[in-house]
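The sequence lines fix the lettering, A, B, ..., with proteins before strands; numbering per chain opens at 1.
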There are 2 protein chains.
Amino acid sequence: MLTIKQVAERTGLTPYTLRYYEKIGVLKMQQRKDSGARVYTESDVKLIQCLCGLKKLGMSLEEITEFFRDGCVLEKIEQGEDISKLTPSLKRRTDILTKHLQELEKKREELDNIIFLTKEKLVMYDELSQNKQSFATRARIV
Amino acid sequence: MLTIKQVAERTGLTPYTLRYYEKIGVLKMQQRKDSGARVYTESDVKLIQCLCGLKKLGMSLEEITEFFRDGCVLEKIEQGEDISKLTPSLKRRTDILTKHLQELEKKREELDNIIFLTKEKLVMYDELSQNKQSFATRARIV
DNA sequence: TTACAATTTAGAGTCGACTTGAAGTCAAGC
DNA sequence: GCTTGACTTCAAGTCGACTCTAAATTGTAA
């Protein structure tokens, strides 16, 4: 049983961020102390660490919310739940990851093109400053 | 001599955006009609089109402001200014582009890594849903 | 002449993902 | 009993890049 500060330290997030994630529905903590203070389990920490992993994959909090809609799958397996029962959850997650992967690969293509265009522009300015001022070059420079 | 609306049409920006760019100092238009309305030249349009090109390269408005600090180089060449006098301007621009290119290539490396990690995660969920639940796999799944 | 379109300005609103501030509650130590 | 520190909530502020609103002014056509 951990406090918000301990979870923040373990995950590299701040308590502010953890509360914010709960507010927008990415995390849904149910347990509270009598005082109202949040109580976290080791499962929660694992889930939050996975969340951080997904963030590093460039997923938005909206995508991540959808990804974790049905909570911590590993916890359910450990509690003896049959994997066949979890198949829909797992399928949804692979679907989200697949879709995200496609977006990433599209982004890479765009980035490759941008890099090509930047190099092209660089060549133009280089040529101009070396006085090789062909019309073709000058026409595209401002 | 063009109006803001005409320039917006030619460049694909909106009049709002053009005024905004002027407000934050990316563009510095000096000419005005007696009524106070902005007046744009063909040179201005070329510069704004180049600005849009730099945006497509992923440059921030801050970087672009610095890039265009000394206005329209082509215009100066057309007005007969010696290229040797423009060398500092051109060098500054190639420097900015080179720095930007380095950032882009770093971004591509990061993206490649993210794609690799996403594929890895995808494999883990796939294996789990196919019931090949090795400990190594389960340990990294939530 | 009056209506309408296009422009101007300052300032506010939008997005996502936090980040912080203010004010209040609660448990532990002196 | 009182202070300190950690927690709570709600609301507001931040960032970059727009996007829009409102109110005023100018230019043009019927």
Subject >> Protein-to-nucleotide contact annotation, 5' to 3' order, nucleotides 22-30 of chain C [B base; S sugar-phosphate only; - none; under 4.0 Å, heavy atom] >> reply: ----S----
**OP:** Take nucleotides 11-19 of chain D nucleotide by nucleotide from the 5' end and write B, S or -, depending on whether a protein heavy atom sits under 4.0 Å from the base, only from the sugar-phosphate, or from neither.
**Re:** ------BBB
Original post:
Nearest heavy-atom pair of A/A8 and A/T14: which atoms, and what distance?
Top reply: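 Of all heavy-atom pairs spanning A/A8 and A/T14, the closest is CB-C, 4.0 Å.
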**OP:** Please report the closest heavy-atom contact between B/I64 and B/L51, naming both atoms and the distance.
**Re:**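 Taking B/I64 first and B/L51 second, the nearest heavy atoms are CG2-CG, 3.8 Å.
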Original post:
Is it the case that B/T41 and B/D44 place a side-chain donor and acceptor less than 3.5 Å from each other?
Top reply: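 A donor-acceptor contact under 3.5 Å links the two side chains.
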Subject >> Residue A/R32, side-chain atoms from C-beta onward, closest of D/dT8, D/dA6, C/dT9 >> reply: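 Minimum distance to the A/R32 side chain belongs to D/dT8.
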Subject >> salt bridge (charged side-chain N to carboxylate O under 4.0 Å, His left out) assessment of B/D95 paired with B/K91 >> reply: CA-CA 6 Å; B/D95 284 352; B/K91 179 166 184 338; 2.7 Å; yes
Taking atom [atom2] of [N] as reference, at what distance in whole Å does atom [atom1] of [X] sit?
X     : N      : atom1 : atom2 : value
B/R38 : D/dT25 : CZ    : C1'   : 14 Å
B/E22 : C/dT7  : CD    : C1'   : 13 Å
B/Q6  : C/dA5  : CD    : C1'   : 14 Å
A/L18 : D/dT9  : CG    : P     : 13 Å
B/M29 : C/dT8  : CE    : P     : 11 Å

Original post:
Across the strands shown, which category fits A/K33 at heavy-atom distances under 4.0 angstrom: base, sugar-phosphate, nothing?
Top reply: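 A/K33: no heavy atom of the nucleic acid under 4.0 Å.
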Original post:
Hey, does A/R19 reach any base, or is it just sugar-phosphate, or nothing, if we go heavy atoms under 4.0 Å?
Top reply: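 Answer is base: heavy atoms of A/R19 come under 4.0 Å of a base.
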Original post:
Is the distance between the ring centroids of A/Y21 and A/F68 less than 6.0 Å?
Top reply: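 Between A/F68 and A/Y21, which both carry aromatic rings, the centre distance is not below 6.0 Å.
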Original post:
Under 4.0 Å between a Lys/Arg side-chain N and an Asp/Glu carboxylate O for A/D70 and A/K76?
Top reply: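 Looking at A/D70 and A/K76, the cut-off is not met.
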Subject >> Pair B/R92 + B/E66: basic N to acidic O under 4.0 Å >> reply: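 The answer is yes: the pair qualifies as a salt bridge.
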Subject >> Atom pair CD (A/Q6) and OH (A/Y40), whose distance is rounded to the nearest 0.5 Å >> reply: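 One gets 11.5 Å once the value is rounded to the nearest 0.5 Å.
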**OP:** Let me know which of A/K107, A/K106, A/H100 forms a side-chain contact (heavy atoms from CB on, under 4.5 Å) with A/E103.
**Re:**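 The option that passes is A/H100.
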